[in-house]
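First up is the structure itself, then whatever we jot down about it.
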Amino acid sequence: MNHPFADRRALITGITGQAGSYLAEFLLDKGYEVHGVIRRASTFNTGRIDHIYQDPHTQPRRLVLHYGDLCDGGGLTDIVLKTEPDEIYNLGAQSHVRVSFDQPLYTVDVVAAGAMRMLEAARQLQRHKEVRFYQASSSEMFGKVDEVPQRETTRFHPRSPYACAKVFAFHQTVNYREAYDLFACNGILFNHESPRRGETFVTRKITRAATRIREGLQEKLYLGNLSAKRDWGYAGDYVEAMWLMLQQDRPEDYVIATGESHSVQEFLELAFERVGLDWREYVETDPRYLRPAEVDLLVGDASKARKQLGWTPATSFERLVEIMVDADWELARNEAAEENRGTSAADRAAESGG
Ligand code: NAP
Ligand code: GDD
């Protein structure tokens, strides 16, 4: 293979997640050998990467999966020392903000101590070879925002156990850079979404529901705060920025965002409009989805990334909603067809006395 990155090896934690799956595709396309950490589960959890794992062009052994857990430092160090990656992307996390209020200590273990375990493993590897480290930091760290828009210099004011854990991981990443000369960068990414987004995050919850309601598979959608505003981009665009950060001469931290903010209600309106429905007829509020402390407004200023990395987002908010609705509409149509097939099989069985 005469690809410029064919001799590069990357290790990704969180490879089975939304961003991890796009990053794995991106790096494999560049010619990297990609290693991923996956958790042992009683059901399959590789749905987002099965298509690349099974792709004959990916083989032989350009994508290798290792069992590991961010709570198990010894296991992570073994993987890092065994695979000797040139680049480590730490994307693994309990990434749901609402859930972090229910599971605060677990979230801190995975997100804060987990990042620290990966940094320690990278530090050990660095004794033998140079390694570059990407930490998946988050706009949630800005929380109750100090200024609008938020940039690299904006003060953090985290509003959840998840966000507090991310602030810890952010500072440790800077600390390992300064104390041990590790090439370590924080990507402060604002919300990024896609058809691979987990179904309990608000965008995907909406696009799943709108399309399922349209196909007669669901009656109502229950949501929390509709007035919260987010800077929503497309996950497929954002993974390039992670990679670009690790290709620079010096390690730095960067905000990655679109610069536009929209409310949950605006997302609802567009998604339901795309399937020809009026959201007001189907959406109800459920206090279970409210948070003890809310982040009201996020909007990022990515001018540093634009200038230094040459990175700009390619997908507009409107296009993002279309991409997600269209993908979920296809899923819903298939589900409806499946249900009809099941019903008619049952009808036939009943008719024949079976
Ligand atoms: P995601 O879809 O929730 O994926 C999280 C990944 O972490 C999954 O692969 C998950 O594995 C893995 N994971 C969870 N707990 C783990 C543990 N104990 N040990 C090892 N792996 C574990 O998240 P995402 O949207 O791709 O986000 C990727 C990263 O960016 C996360 O760190 C997130 O906090 C951060 N971030 C996300 C956004 C965003 O808007 N998406 C914005 C800023 C920062 P399973 O598949 O087994 O669950
Ligand atoms: N999940 C969810 N479910 N959120 C709802 C609902 C609901 O039923 N109803 C309203 N919301 C509101 C939330 O209160 C929040 O203000 C907003 O929708 C977005 O919620 P999420 O989609 O859960 O994302 P998030 O912004 O809290 O967190 C995501 O983005 C962060 C970056 O800013 C996650 O991906 C984090 O991991 C990431 O760091």
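For ligands, and for the atoms within them, numbers begin at 1 and follow the listed sequence.
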What part of [X] sits under 4.0 Å from ligand 2 if we count only heavy atoms: the side chain, the backbone, both or neither?
X	answer
Lys166	neither
Val264	side chain
Thr200	backbone
Arg98	neither
Val97	side chain

Which atom of [X] lies closest to which atom of [Y], heavy atoms considered:
X	Y	answer
Tyr282	Glu219	CD2-O, 3.5 Å
Val255	Arg151	CG2-C, 3.7 Å
Leu298	Ser261	O-OG, 3.0 Å

Starting from [atom], find the nearest protein heavy-atom neighbour and note its residue, name and distance.
atom	answer
atom 23 (O) of ligand 2	Arg291 NH2, 2.8 Å
atom 24 (O) of ligand 2	Asn191 ND2, 3.7 Å
atom 14 (O) of ligand 2	Glu294 OE2, 2.6 Å
atom 22 (O) of ligand 2	Val202 N, 2.8 Å

*Amino acids contacting ligand 1, non-hydrogen cut-off under 4.0 Å*: Gly14, Thr16, Gly17, Gln18, Ala19, Arg39, Asn45, Asp69, Leu70, Leu91, Gly92, Ala93, Ser95, Tyr106, Val110, Ala136, Ser137, Ser138, Tyr162, Lys166, Leu189, Phe190, Asn191, His192, Arg197
*asked:* Whether Glu140 and Lys166 form a salt bridge (side-chain N of Lys/Arg under 4.0 Å from carboxylate O of Asp/Glu) is what I want to check.
replied: no
Contacting atoms of ligand 2, where contact means under 4.0 angstrom from a heavy atom of [X]:
X	value
Arg197	29 (C), 34 (C), 35 (O)
Asn225	9 (N), 10 (C), 11 (N), 12 (C)
Gly224	6 (C), 8 (O), 9 (N), 10 (C)
His96	1 (N)
Phe201	1 (N), 22 (O), 23 (O), 34 (C), 35 (O)
Ala228	16 (O)
Leu298	33 (O)

_Residue pairs fulfilling ring pair (Phe, Tyr, Trp, His ring centres under 6.0 Å) with at least one residue in residues 92-131, sequence neighbours excluded_ = His96-Phe201
*Intermediate values then yes/no, side-chain contact (heavy atoms from CB on, under 4.5 Å), Leu223 and Val202*: CA-CA 8 Å; Leu223 291 173; Val202 78; 4.0 Å; yes
Between [X] and [Y], does the ring centroid distance fall short of 6.0 Å?
X	Y	value
Trp232	Phe190	no
Phe133	Tyr176	no
Phe267	Trp279	no

*Kindly indicate whether a cation-pi arrangement holds for Arg196 with Tyr22, taking the cut-offs as under 6.0 Å to the six-membered ring centre and within 45° of the axis.*
yes
Show me, pair by pair, the donor-acceptor contacts under 3.5 angstrom made by side chains of residues 72-80, not counting sequence neighbours?
unit_1: Asp72; atom_1: OD1; unit_2: Gly74; atom_2: N; d: 3.4
unit_1: Asp72; atom_1: OD1; unit_2: Gly75; atom_2: N; d: 3.1
unit_1: Thr77; atom_1: OG1; unit_2: Gly73; atom_2: O; d: 3.0

*Using 30° and 60° as the class limits, which term best fits the ring planes of His262 and Phe317: parallel, tilted or perpendicular?*
parallel
_Test ring-ring contact (aromatic ring centres under 6.0 Å, His included) applied to Phe183 - qualifying residues, sequence neighbours left out_ = none
